[in-house]
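Starting from 1, each residue takes its place in the sequence as its number. Since we're looking at a predicted model, the values are computed, not measured.
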Amino acid sequence: MPSANVKPLSESTRAKLKDAISQLEPFLNEHALPQLASPEANDEELTFYKGLLSDLRHLLVYSEVAYEKLGVTLRRPNFDAEHAERQLYEVYHHCVNAFFYPKNEGYSEDGRYAYTGQDAIRFRHKPLRSARDIVLGVSKIYEELRDDLSYYENDYMTSRRMQGQK
């Protein structure tokens with residue numbers, strides 16, 4: 001990836017992370033297990049919401065850490081493209097992967113719907129509207145980040161290894 005594109009990509013990535021954080025944080029501050037699971041919830045429903053809340057908290061923390069690190073990188077007097085690329089790599093591998101591969105598997109992406117204009121996110125258990133809305137709302141942000149940062153999925157580390165062998 002040409003280093004001339006790294007600074008604008010870092011700036012747009014940071015802006016997208018800020019948008020995701022501004023949606024995740026209020027949801028997590030306002031919703032806990034008693035607000036999501038019905039009083040007569042069965043074990044499956046409780047497990048689903050516990051896992052969903054846990055995954056969203058992890059995603060929020062990863063996103064906040066990446067947002068701060070990119071901010072530090074962008075505020076340096078001399079922009080260090082190599083350091084910024086490392087941060088973008090971490091955004092892909094921590095934030096994007098945390099969203100698309102949640103540990104508790106409360107939802108998953110069904111690629112068959114990705115190109116139909118329908119929501120590609122499928123839930124393991126039918127969630128309340130607020131839980132569904134937060135996941136689908138931030139899904140668009142993390143989809144954009146995945147597209148923007150696809151270079152950092154494999155190519156970045158391959159190029160770093162090749163530089164090390166020279």
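For the salt bridge (Lys or Arg N to Asp or Glu O under 4.0 Å) condition, no pair includes a residue of residues 25-34, sequence neighbours left out. Identified under the side-chain hydrogen bond (donor to acceptor under 3.5 Å, both in side chains) test for residues 47-56, with sequence neighbours left out: Asp55-Asn104.
Scored by the salt bridge (charged side-chain N to carboxylate O under 4.0 Å, His left out) test, Lys69 finds Glu90 as partners (sequence neighbours excluded). Partners of Glu144 according to the salt bridge (charged side-chain N to carboxylate O under 4.0 Å, His left out) rule, which considers only residues two or more places apart in sequence or in another chain, are Lys16. With sequence neighbours excluded, no residue forms a salt bridge (charged side-chain N to carboxylate O under 4.0 Å, His left out) with Arg14. For Ala98, the side chain to side chain contact (heavy atoms under 4.5 Å, CB included) test picks out Leu59, Tyr62, with sequence neighbours left out. Under the side chain to side chain contact (heavy atoms under 4.5 Å, CB included) criterion, Glu68 pairs with no residue, sequence neighbours left out. Ala15 pairs by the side chain to side chain contact (heavy atoms under 4.5 Å, CB included) definition with nothing, not counting sequence neighbours.
Contact check for Ser38 versus Glu45: side-chain heavy atoms found under the 4.5 Å cut-off. The shortest side-chain heavy-atom distance between Thr73 and Asp80 does not fall under the 4.5 Å cut-off. By the 4.5 Å heavy-atom criterion applied to side chains, Ser22 and Asp19 are counted as neighbours. Side-chain atoms of Arg146 and Tyr92, non-hydrogen and from C-beta on, do get closer than 4.5 Å to each other. Counting heavy atoms from C-beta on, the side chains of Leu17 and Cys95 come closer than 4.5 Å.
Shown here for Ala32 and Leu53, the closest heavy-atom pair between the two residues is C-CD1, 3.9 Å. Heavy-atom minimum distance, Phe123 versus Phe48: CD2-CZ, 4.1 Å.
Applying the under-4.5 Å side-chain rule to Ile, Leu, Val, Met, Phe, Trp and Tyr, the cluster around Val61 extends to Val65.
Not a single donor-acceptor pair under 3.5 Å links the side chain of Glu64 to the backbone N or O of Ile21.
Taking CD of Glu109 as the start and CD of Glu143 as the end, the distance is 6.0 Å to the nearest 0.5 Å. In this structure, Phe27 CZ and Arg57 CZ are separated by 10.5 Å, a value rounded to the nearest 0.5 Å. To the nearest 0.5 Å, atom CG of residue Asn5 and atom OG of residue Ser10 are 10.5 Å apart. Ser12 contributes atom OG, which lies 7.5 Å from atom CG of Leu149 (distance to the nearest 0.5 angstrom).
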Less than 3.5 Å apart, which donor and acceptor atoms pair up between the side chains of residues 125-142 and the rest of the protein, not counting sequence neighbours?
unit_1, atom_1, unit_2, atom_2, d
Ser130, OG, His31, NE2, 3.4
Ser139, OG, Leu136, O, 2.7
Tyr142, OH, Ser63, OG, 2.6

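Atom NE2 of His83 sits in a crowded spot, with more than 12 heavy atoms from other residues, nucleotides or ligands closer than 6.0 Å. The environment of Glu105 atom CD is sparse: at most 12 non-hydrogen atoms of other residues, nucleotides or ligands sit within 6.0 angstrom.
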